[in-house]
Protein chains: 2
Amino acid sequence: MEEPRKRARPGRAPAPPGGRTSRPRQAEVAGLAGVSQATVSLVLGGKKQGVAISAETRQKVLEAAHRLGYVPDPAARRLAAARNDLLGVFSFTATFPTDVRHSYYPFLVGVEREAAARGYDLVLFTGSSSGGAGAGGPEALSRVRLADGCLFLGRHVPTEELRRLVTDGFPVVHVGRRDELEGLAWVGADYVSASHEVVTRLAALGHRRLVLVREDDEAPASTDREHGFLKGLESAGLPAGPEAVFRTAAPESTLTPERLRRWLDEGVTALVAEETDTGGPWRALRAAVREAGLDCPGELSLALLGSPPADLAAEAVPTGFDIPRPQLGAAAVRLLAALVAGEDAEEPLVVCAFRPGATAGPPPHRP
Amino acid sequence: MEEPRKRARPGRAPAPPGGRTSRPRQAEVAGLAGVSQATVSLVLGGKKQGVAISAETRQKVLEAAHRLGYVPDPAARRLAAARNDLLGVFSFTATFPTDVRHSYYPFLVGVEREAAARGYDLVLFTGSSSGGAGAGGPEALSRVRLADGCLFLGRHVPTEELRRLVTDGFPVVHVGRRDELEGLAWVGADYVSASHEVVTRLAALGHRRLVLVREDDEAPASTDREHGFLKGLESAGLPAGPEAVFRTAAPESTLTPERLRRWLDEGVTALVAEETDTGGPWRALRAAVREAGLDCPGELSLALLGSPPADLAAEAVPTGFDIPRPQLGAAAVRLLAALVAGEDAEEPLVVCAFRPGATAGPPPHRP
DNA sequence: TTGTACGCGTTATCAG
DNA sequence: CTGATAACGCGTACAA
């Protein structure tokens, strides 16, 4: 007696309206190939070790799978304690922000390339929205467990939710240094070294008094830059007191042409801005220099610890460094892949290349 | 006698590396609350359907769930629900091209927003990927079956593979008109109407002889623009013969300043370029005008049927129309969601807004 | 070498 | 209103 191969689902939700044929399952492949479902699993699962399958059977299975367009169900794979070759990408803000100033795009370029190279597909968890799946509940982050592991972008990822994933042993990589959460893996740009080098270069040009302009928060990216900046000053034997750092919550209003002139009068010959999401400090700096009618780099050298905002791309290339965002993305994927495979973490810092630019030169001669 | 709550998994794969503690399951919540697992599912599932739960029981369950820190397993949930709330996005080229000229970004903005609003997550497939998951062969397209449905980007999606998906009843939406494949759902911009309107506006400015510069292929996006262009000429009572369309396979070599001058001599006062991936025609047009030393729009009006390439964004805004890419992405998701739900298709065309720009004005007086 | 039996954590039905 | 029970699709010891 043959069992009915395809009895109607007993008492379950009705088949999808529209008479759609459902995704083929291993059982159907098995039927078509004349083998058992387990055999199909063995063949398609690509398990190299131990079990051997006759070439003939394997061929039949592969053929049937192809004919049916079989593709494994990722949820079922996960559930069966296997892997589904899916890596998650979760950003608390939109992954594709409309505000292009602050875009993950270059980063995603690297993520996609590296993931593809390693045979992973990417799942974008739309966590930002207020819609159905992404509703703000504590379960919002939990959806990522569908994937083998997940990348987190942005500084606003809720710590508690993240901690839960980490303590559960779910492979997680945060993009950007994040030390407050014990055991959280992260990758980041080496802002310290890069900022250090910028100062070194400026010093080599002859600058003796530099000021760093930064926003007034405690983001790791900011403190790292300041740290590197100060270390750079020390290495060059330059004054690294508190007056070398200008903190402001509102660069555009406090960074006036007058402020600029005062610095010049005090002997400052180079100003260094940190990069932020909005490009605030750099924007303000450029504006102030313009208003003050100063020649850059003739009368004053400028440097930017990062890349300029997209809308300022047409201006003179700032001296500073480039964050290799694609490489950063690739590094994040490599680390995540390592975690998924149960391997150990690798170097989390990627180095930033110095960018000579055109906004810094020798300091002016001052009598 | 109590059953051992947590017997070691019988003969299964060793626990994930890192000795991770397994999360509580509904069964454990049930145990703590003194109810059955099914009851837990009912309470936590929030299904209002028919069944009512005593306030007391509900409370107990919620409390237990909270105490244990229960979070549902998305894999199990999606497996049981026979859907995974995943929409695929497949692009034959990289989804995040390094060549920014031709970028899906604005489109993805809309896709992400709409998908999030509807509770879908996104799976990114890369046709070009060479890794284990995405071997470049003809199987590449088959991977998308992992999702509930899939969006296809780019004109190079292989027809045969697509047909296979369509005939299998797998929900597919192609972005860009695509009529040669019976039954394939698509969304696209209404190039015909938009191009028509551009011509109408130029005619209203006083132009009487226009020429369309387009590439020499048969992409629907190109033929639609030509169609609208010609219809626009007819509506305005202007000559719409074959001399009104200039086809070129390599615009930069054939669109010479001399060609331009000849058109002017023939009485042409406005040139219209189609938008392409590379921006070729528009690029060539601008270059030729510059080389010819012509004043635009003083001596010659230009229009672009679409948006300028990113690297030309700094130049004068071209008269023409904007393709509302985010809306297009949103429309694609809406359509796909409808197909997944077994509903009927909606209007596939999104309208493009006219962009006045600065490259068109009244024609010069010619004696 | 291949088939059988079971479990992963949920959801949904049906009998108490 | 609640508790068994049967899938969902797949991976994997273990028996055949």
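Order of the sequence lines fixes the chain letters, A, B, ..., with proteins taken first and strands second; residue numbering starts at 1 for each chain. Please read all numbers here as calculations on a predicted model, not as lab measurements.
- Close to C/dT11, at under 4.0 Å from its OP1 or OP2, lies a side-chain N or O of B/Q26.
- Expressed to the nearest 0.5 Å, how far CG of A/L42 lies from CD of A/Q26 amounts to 9.0 Å.
- The main-chain N or O of B/L122 is never found under 3.5 Å from a side-chain atom of A/T126 such that the two would form a donor-acceptor pair.
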Residues A/T159, A/R178; criterion side-chain hydrogen bond (donor to acceptor under 3.5 Å, both in side chains); working and verdict: CA-CA 10 Å; A/T159 304; A/R178 182 136 180 177; 3.0 Å; yes
Test salt bridge (charged side-chain N to carboxylate O under 4.0 Å, His left out) applied to A/R78 and A/D148, step by step: CA-CA 8 Å; A/R78 275 298 282 175; A/D148 287 344; 3.2 Å; yes
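- Spacing between atom CG of A/L79 and atom P of C/dT10 amounts to 9 Å, rounded to whole angstrom units.
- Put simply, CG on A/L86 is 18 Å from P on D/dG9, counting in whole angstrom units.
- Using a 4.0 Å cut-off, no side-chain N or O of A/S54 falls inside it from OP1 or OP2 of C/dT1.
- Applying the 4.0 Å criterion to OP1 and OP2 of D/dC10, one finds that A/S41 has every side-chain N and O outside that range.
- Ranked by how close their nearest DNA chain C nucleotide is to the 5' end, A/A76 and B/V40 are led by A/A76.
- Summarising the geometry, the separation between CG on B/L68 and P on C/dG9 is reported as 14 Å, rounded to the nearest angstrom.
- Legend: residues meeting side-chain contact (heavy atoms from CB on, under 4.5 Å) with A/E182, ordered by chain and number and at least two apart, are absent.
- The CD-C1' distance, from B/Q59 to D/dC1, rounds to 17 Å in whole Å.
- Along DNA chain C, the nucleotide closest to A/Q37 and the one closest to A/E56 are compared, and the more 5′ of them pairs with A/E56.
- Nearest heavy-atom pair across A/S142 and B/V71 is OG-CB, 3.9 Å.
- In this structure, B/R83 places its CZ atom 13 Å from C1' of C/dT11, rounding to the nearest Å.
- Distances were taken from every side-chain heavy atom of B/A38 (C-beta onward) to each of C/dC8, D/dA4, D/dG9; the shortest belongs to D/dA4.
- Distance CG (B/L44) to P (C/dT10): 9 Å, rounded to an integer number of Å.
- Between the C1' atom of C/dT10 and the CG atom of A/D73 lies a distance of 13 Å, rounded to the nearest Å.
- Comparing the start and finish of the helix from C/dT1-D/dA16 to C/dG16-D/dC1, five pairs each, the helix axis swings through 50°, to the nearest 10 degrees.
- At the phosphate of D/dC10, neither OP1 nor OP2 sits under 4.0 Å from any side-chain N or O atom of A/R77.
- Using a 4.0 Å heavy-atom cutoff across all strands shown, A/V35 reaches sugar-phosphate atoms only and no base atom.
- Remark: A/R67 pairs with A/L32 by the side-chain contact (heavy atoms from CB on, under 4.5 Å) rule, at least two apart or across chains.
- Taking atom CZ of residue B/R78 and atom P of nucleotide C/dT10, one finds them 14 Å apart after rounding to whole Å.
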